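Notes for the one structure printed next.
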Amino acid sequence: MGVTYMTEEGYNKILAEINYLESVKRPEISAQIAEARDKGDLSENAEYDAAKEAQGILEGKIAQLKGLISNARLIDEAQIKTDVVQIMNKVKIKNLQNKAVMTYTLVSDSEANLKENKIAVSTPIAQGLMGKKVGDIAEIQVPSGMMKFEIMEISI
């Protein structure tokens with residue numbers, strides 16, 4: 001697994017999720033397994049099988065999140081500049097075809113959330129914006145074809 005860059009906020013969110021899964025969900029599933037085991041013959045006990053499967057999924061999720069934070073590098077937000085587009089910048093762009101203006105924050109893959117206008121730096125749009133300055137035109141190949149965006153503003 002490669003290095004993952006993230007903000008302190010994103011890092012803390014993942015730590016909180018791990019804590020919740022380990023302290024709340026894990027005991028719940030253990031209790032379900034114990035309850036199903038008490039019902040007798042395990043070879044024909046669908047409840048036991050379902051609880052064991054849920055336990056496996058939970059442990060996999062915990063391992064995935066721990067792997068993510070073990071390879072995390074926190075981004076020092078004080079070091080972020082706004083002369084060119086880079087990770088953690090808020091970028092205001094104008095689609096030159098339909099004149100729509102959008103603002104996105106470029107974040108790590110683990111913090112991407114389109115509802116909050118946070119796009120992963122690995123996406124085609126973010127890749128096309130990286131390194132551009134205010135006033136530059138970014139021509140970006142997306143699945144629907146070539147799009148042109150004008151960089152209007154870069155902020156933190």
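The shown structure was predicted, so the numbers you read here are calculated from the model rather than taken from an experiment.
- Looking at Asn12, its side chain does come within 3.5 Å of a backbone N or O of Glu8 through a donor-acceptor pair.
- The neighbour count for Glu59 CD, taken as heavy atoms of other residues, nucleotides or ligands under 6.0 Å away, is above 12.
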Evaluate side chain to side chain contact (heavy atoms under 4.5 Å, CB included) for Ile62 paired with Arg26, printing each intermediate quantity in order.
CA-CA 10 Å; Ile62 291 170; Arg26 189 182 271 165; 3.6 Å; yes
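- Scanning all heavy atoms of the two residues, the minimum distance from Ala138 to Gly128 falls at CB-O, 3.7 Å.
- Met147 is connected to Leu106 through a chain of hydrophobic side-chain contacts under 4.5 Å among Ile, Leu, Val, Met, Phe, Trp and Tyr, so both are in one cluster.
- Linking ILVMFWY residues whenever their side-chain heavy atoms come closer than 4.5 Å, directly or via other members, leaves Leu129 and Met152 in distinct clusters.
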Does the pair Lys118 and Tyr104 meet the rule for a side chain to side chain contact (heavy atoms under 4.5 Å, CB included), with working shown?
CA-CA 6 Å; Lys118 293 180 177 181; Tyr104 293 114; over 6 Å; no
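- Hydrophobic clustering of Ile, Leu, Val, Met, Phe, Trp and Tyr side chains at less than 4.5 Å, counting indirect connections, keeps Ile154 apart from Val101.
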Val107/Ile87 under side chain to side chain contact (heavy atoms under 4.5 Å, CB included): CA gap, chis, key distance, verdict:
CA-CA 6 Å; Val107 297; Ile87 190 168; 5.6 Å; no
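- Rounded to the nearest 0.5 Å, atoms CD1 (Ile29) and NZ (Lys25) are 6.5 Å apart.
- Annotation: the span from Met102 atom CE to Asn117 atom CG amounts to 10.0 Å, rounded to 0.5 Å.
- Taking a cutoff of 4.0 Å between a charged side-chain nitrogen and a carboxylate oxygen, Glu22 and Lys66 qualify as a salt bridge.
- Note: the hydrophobic cluster containing Ile33 does not contain Ile57 (ILVMFWY, side chain heavy atoms under 4.5 Å, direct or indirect links).
- Asp136 places a side-chain N or O within 3.5 Å of a backbone atom of Lys133 that can act as its donor or acceptor partner.
- Side-chain atoms of Asn89 do not come within 3.5 Å of backbone N or O of Val91 as any donor-acceptor pair.
- When every heavy atom of Gln141 is checked against every heavy atom of Pro124, the shortest pair comes out as O-CB, 3.8 Å.
- The CD atom of Gln32 lies 10.0 Å from the CD atom of Gln55; values are rounded to the nearest 0.5 Å.
- The two atoms that bring Ala126 and Ala120 nearest to each other are CB-O, 3.2 Å, heavy atoms only.
- Cluster membership for Val84 and Met88, using ILVMFWY side-chain heavy atoms within less than 4.5 angstrom, is not shared.
- For Gln97, the CD atom counts as densely surrounded, since its 6.0 Å shell holds more than 12 non-hydrogen atoms of other residues, nucleotides or ligands.
- Of the possible polar contacts, none joining the Glu150 side chain to the Ile93 backbone as a donor-acceptor pair under 3.5 Å is found.
- Counting only heavy atoms from C-beta outward, the side chains of Val24 and Asn19 never approach each other to under 4.5 Å.
- Looking at Leu96 and Lys94, their side chains come closer than 4.5 Å, going by heavy atoms from C-beta outward.
- Side chain of Asn71 to backbone of Leu68: no donor-acceptor contact under 3.5 angstrom is found.
- More than 12 heavy atoms of other residues, nucleotides or ligands sit less than 6.0 Å from atom CD of Glu28.
- Residues Glu153 and Val134 approach most closely at CA-CG2, 4.1 Å, considering heavy atoms.
- The closest side-chain heavy-atom distance from Met146 to Ile140 is not below 4.5 Å.
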Go through the steps to decide whether Tyr11 and Ile69 satisfy the test side chain to side chain contact (heavy atoms under 4.5 Å, CB included), and finish with yes or no.
CA-CA 7 Å; Tyr11 183 82; Ile69 63 167; 3.8 Å; yes
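- Rounding to the nearest 0.5 angstrom, the gap separating the CD1 atom in Ile119 from the CG atom in Asp109 is 11.0 Å.
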